[in-house]
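Inspection log for the structure reproduced underneath, given as structure tokens.
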Amino acid sequence: MAVGKEIRTQISSIKNTQKITSAMEMVAASKMRKAQDRMELGKPYAQRIRAVIGHIAHATPEYHHVFFDTREVKRVGYIVVSTDRGLCGGLNTNLFKATVAAMKANRDANIEVDVCAIGAKSMNFFKNFGGNVLASVRDMGEKPEAADIVGVVKVMLDKFENGELDQVFVVSNEFVNTMTQKPTVQQLLPLEPSDEDELKGHWDYLYEPDAQELLDGLLDRYIESQVYQAVVENNACEQAARMIAMKNATDNAGDLIDNLQLVYNKARQAAITQELSEIVGGASAV
Amino acid sequence: MATTLHCDIVSAEKSIFSGSVEMIVATGVLGDLGIVPGHAALLTQLIPGPVKLTMEGGAEEIFYVSGGFLEVQPGVTTLLADTAERAEDLDEAAATKAIEEAEQEIADRQADFDYGSAAARIAEAAAQLRALRQHKR
């Protein structure tokens, strides 16, 4: 029967798509759990080292590290952490919107902007959008390692040390929960003192062995851990966003199939009715 | 004066310990240091070695850290370890074997021999054994 051949092929092609999206949903769900674990494990360290740095910024150290310098802002750098792959809903788009808004605010104030791109999507975005990309890295996979990121971050740190950049920000997605990911812009440099009041006043640490060696090591570790944590968290966001996006796609495919099936059934029924009435008409004519 | 201070031990992989303790003994670059409540603000680098916590009531717990940083603030001490483990989770046989292997490498060294790495491995394994010995006592 030739009725609704096009509809049948369309239904079967949507069914194939649905199979793919539902498989991707399940893959993303399992990857998300792992990525979330990685994020949770790294969190305590990142938070503690952040607190320690906040304390140090309050101290009046014998050795002043350049990372604590607050200068007049003429040029700022953004480290934009995106995903490597697409099909994760509006995750990257929202992130870039937030970045562009922050950049525009700076440009309006006559502040130059440099970018360091982490992830294929942000590399491509700034290629099209036209940002001054200083360094980029991509394809870090699901288990990013600190060593992958150190190189590009070093570029930004060196610029800050030379006075070519006056502020450095990290833009990445914050994992609120599975349904919600929030793009955040976080200041990395200069280091800001924590807002604990009891630390105000003139005091300093005892340093062992000496302040310079110690602070250099600690600050490097700090920057590394903050950026690494941002990358790991963004990874968890990616998987969560992909899971949701694929779930929606699967549901939508289901709706489409239901509708098409209805149309197909109606057409088939109409054809049968027509045939019947033709036969009946033919018989009564004899 | 307070008789306890809060101590946090975190490694890059996880949070190992968080709670009140009476005393902390850690291995700094310039030697062992003991921290009791009321200690002055201090920042130091740690080398591989055992960390001994004396809990309220006198119970002791031994950890092993492979290096990191120690920050003392009035009332709060934070230990940022590169890697950290509870002493009871350490593997004595593996540590002994690591020392033997590294010593063997030093004994018949090749042209491209990395003395620093072997020495670091010995130091780490020896520190693990020290932590284990303290734990057994």
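In what follows, chains are A, B, ... by sequence order, proteins preceding strands, each numbered from 1. Note that this is a predicted model, so its numbers are computed, not measured.
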Taking everything shown except R71(A) itself, do over 12 heavy atoms lie less than 6.0 Å from its CZ?
yes

Within the supplied structure, the quantity of interest is the number of heavy atoms (other residues, nucleotides, ligands) at a distance under 6.0 Å from E161(A) CD; does it exceed 12?
yes

Contact leader toward chain A among T78(B), V72(B), L70(B), where contacts are heavy-atom pairs under 4.5 Å:
T78(B)

How far does [atom1] of [X] sit from [atom2] of [Y], to the nearest 0.5 angstrom?
{"X": "E71(B)", "Y": "L214(A)", "atom1": "CD", "atom2": "CG", "answer": "10.5 Å"}
{"X": "Q73(B)", "Y": "H55(A)", "atom1": "CD", "atom2": "NE2", "answer": "5.0 Å"}
{"X": "Y45(A)", "Y": "D82(B)", "atom1": "OH", "atom2": "CG", "answer": "6.0 Å"}
{"X": "R221(A)", "Y": "L80(B)", "atom1": "CZ", "atom2": "CG", "answer": "9.0 Å"}

Output, in order, the C-alpha distance, side-chain angles, deciding distance and verdict of side-chain hydrogen bond (donor to acceptor under 3.5 Å, both in side chains) for Q45(B) and Y207(A).
CA-CA 9 Å; Q45(B) 212 169 346; Y207(A) 296 96; over 6 Å; no

Engaged part of R38(A) at the chain B interface, taking heavy atoms whose separation is under 4.5 Å:
neither

For L206(A) and A40(B), work out which heavy atoms get closest and say how close.
CD1-CB, 4.1 Å

Can you say whether L33(B) sits under 4.5 Å from chain A via the side chain, the backbone, both, or neither, judging by heavy atoms?
side chain

Side chain, backbone, both or neither of V76(B) within contact of chain A (heavy atoms, under 4.5 Å):
neither

For R48(A), the option from L79(B), I9(B), V10(B) that meets side-chain contact (heavy atoms from CB on, under 4.5 Å)
V10(B)

